[in-house]
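The block underneath contains the structure these notes are about, expressed in structure tokens.
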Protein chains: 2
Amino acid sequence: MVRQEVQREQTASMEDYLEAVAMLQGKDKVVRVSQISRKLKVKMPSVTSALKKLSEQRLVEHERYGRIKLTPEGDAVARDVIRRHEALTRFFAQALGINRETAEEDACKIEHVISPLSMERLAKFVEFIEACPLGRANFPSRYKYYLEHGEFPQDCLERSAKKGK
Amino acid sequence: MVRQEVQREQTASMEDYLEAVAMLQGKDKVVRVSQISRKLKVKMPSVTSALKKLSEQRLVEHERYGRIKLTPEGDAVARDVIRRHEALTRFFAQALGINRETAEEDACKIEHVISPLSMERLAKFVEFIEACPLGRANFPSRYKYYLEHGEFPQDCLERSAKKGK
DNA sequence: TCGAATTGTTAGACATGTCTAACAATTATA
DNA sequence: TATAATTGTTAGACATGTCTAACAATTCGA
């Protein structure tokens with residue numbers, strides 16, 4: 001009895017295609033090559049060629065000139081990519097105070113290269129920061145103060161004063 | 001009068017080579033193809049070929065069978081990569097509590113893809129966390145508690161209690 | 001200092017993923 | 001429903017960066 005290998009390692013590109021299909025599928029139902037092409041800013045032949053590879057791996061189903069949909073395995077991979085994407089976006093946007101667009105762009109790149117351990121910790125970190133802003137010693141707001149004024153808020157100084165201004 | 005273009009956009013690979021040369025140069029002075037090969041875990045012909053490209057861009061000097069050294073421009077690029085590398089490593093290690101090795105590996109990947117804005121903010125964030133642990137309401141230690149116990153420390157609860165558990 | 005071991009280079013194959021050009025299928029519309 | 005516009009595919013060029021095999025230069029030790 002041969003065990004099926006399910007979760008193959010994907011390249012950044014293939015992960016992008018899977019992610020795009022999942023997101024378009026969620027929105028509109030019927031996914032088209034042209035949509036993926038627009039979303040990923042690549043030409044249609046690139047999409048066709050990627051879909052061919054993903055079909056061979058049974059991650060998507062794609063009949064010539066026809067519908068594109070994720071298999072359950074493809075969906076699992078895509079969802080995992082999206083999970084990373086969202087945690088990273090939240091980190092950049094919420095924790096670092098970066099604009100949504102840049103946050104998304106960075107998430108899009110980093111989601112493909114970050115280790116599982118760092119990803120897990122980062123997700124927990126965001127969760128922590130969002131849920132636990134330290135009561136009235138609100139963390140993000142102090143960080144914001146530091147960002148805007150270039151110096152530490154009053155109640156930091158006890159411990160950082162030695163490091164000169 | 002034609003202006004020289006100095007800081008070209010480099011690929012992740014080329015940035016890795018520049019970074020490696022800079023780091024080996026700092027250590028030993030004389031940089032060899034074999035060292036770069038070992039450091040980056042690629043075969044020597046890959047190194048030779050990369051150095052050829054970087055030479056054409058005047059980022060390294062490399063004479064056949066001879067010394068390898070960065071030009072001032074190459075050094076500037078390399079230092080910038082290393083700056084990103086170090087800030088990222090500090091973030092993963094200090095802020096997220098990840099082991100040095102994994103932190104380095106992740107930094108090595110992310111340094112090539114993160115946007116300048118996010119990089120700047122992340123660096124400031126690390127600076128902030130390291131310099132300003134909120135007096136006795138030490139931030140990293142609360143985060144650590146959360147990591148280890150899976151629940152928020154007492155003084156977080158005022159604000160997060162509503163979220164179940 | 002000669003020969004073996006090490007180090008480095010060249011040539012060229014290969015993998016990935018992009019693109020353009022040409023053509024084919026589908027769809028929408030007059 | 002014929003034809004025009006759109007959408008999709010195929011073929012093949014190209015860029016990047018890796019590798020192996022073969023050869024060349026350098027270095028080190030007997």
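When distances run from any side-chain atom of A:P45 to the nucleotides D:dG17, D:dA11, C:dG8, the shortest one goes to D:dA11. Checked against D:dA25, C:dT16, C:dA25, the side chain of B:Y65 finds its nearest nucleotide in D:dA25. Nearest nucleotide to the side chain of A:K43, out of C:dC19, D:dC19, C:dG8: C:dC19. Residue A:S13 places its side chain closer to C:dG17 than to any other of D:dG17, C:dA25, C:dG17.
For A:I36 and C:dT18, the CD1 to C1' distance is 16 Å, given to the nearest whole Å. Across the protein-nucleic acid pair, A:E63 atom CD and C:dA25 atom C1' stand 14 Å apart, rounded to whole Å. Taking atom CE on B:M14 and atom P on D:dA15, their separation rounds to 15 Å, with Å as the unit. Note: NE2 (B:H112) to C1' (D:dG17) measures 14 Å, nearest angstrom. C:dT16 atom P lies 16 Å from atom CG of A:D16, rounded to whole Å.
Of the two residues near DNA chain D, B:M44 and B:R32, the one whose nearest nucleotide lies more 5' is B:M44. Residues A:R67 and A:Y17 each lie close to DNA chain C; by heavy-atom proximity, the contact nearer the 5' end of the strand is made by A:Y17. Mapping A:T11 and B:V33 onto DNA chain C by nearest heavy atom places B:V33 closer to the 5' end of the strand.
Separating the OG atom in B:S37 from the CZ atom in B:R32 is a distance of 12.5 Å, to the nearest 0.5 Å.
Heavy atoms of B:S46 sit under 4.0 angstrom from at least one base atom.
At the phosphate of C:dT10, OP1 or OP2 sits under 4.0 Å from a side-chain N or O atom of B:R64. Here B:H62 reaches the OP1 or OP2 of C:dT9: one of its side-chain N or O atoms lies under 4.0 Å away. The shortest distance between the side-chain N/O atoms of A:S34 and the OP1/OP2 oxygens of D:dG8 is below 4.0 Å.
A:D80 and A:R83 are joined by a salt bridge, as a carboxylate oxygen and a charged side-chain nitrogen come within less than 4.0 angstrom of each other.
No donor-acceptor contact under 3.5 angstrom links the side chains of A:D16 and A:S13, judged on distance only. Side-chain contact annotation: A:S46 with A:S49, donor-acceptor N/O pair under 3.5 Å absent.
Applying the ring pair (Phe, Tyr, Trp, His ring centres under 6.0 Å) test to every pair with at least one member in residues 52-73 of chain A, sequence neighbours left out, gives no pairs at all. The ring pair (Phe, Tyr, Trp, His ring centres under 6.0 Å) pairs that include a residue from residues 75-113 of chain B are A:F91-B:F91, where partners are two or more places apart or lie in different chains.
In this structure, B:S55 contributes its side chain and B:L51 its backbone to a donor-acceptor pair below 3.5 Å.
DNA chain C is contacted by A:S49, A:K53 of residues 48-55 of chain A, taking any non-hydrogen atom closer than 4.0 Å.
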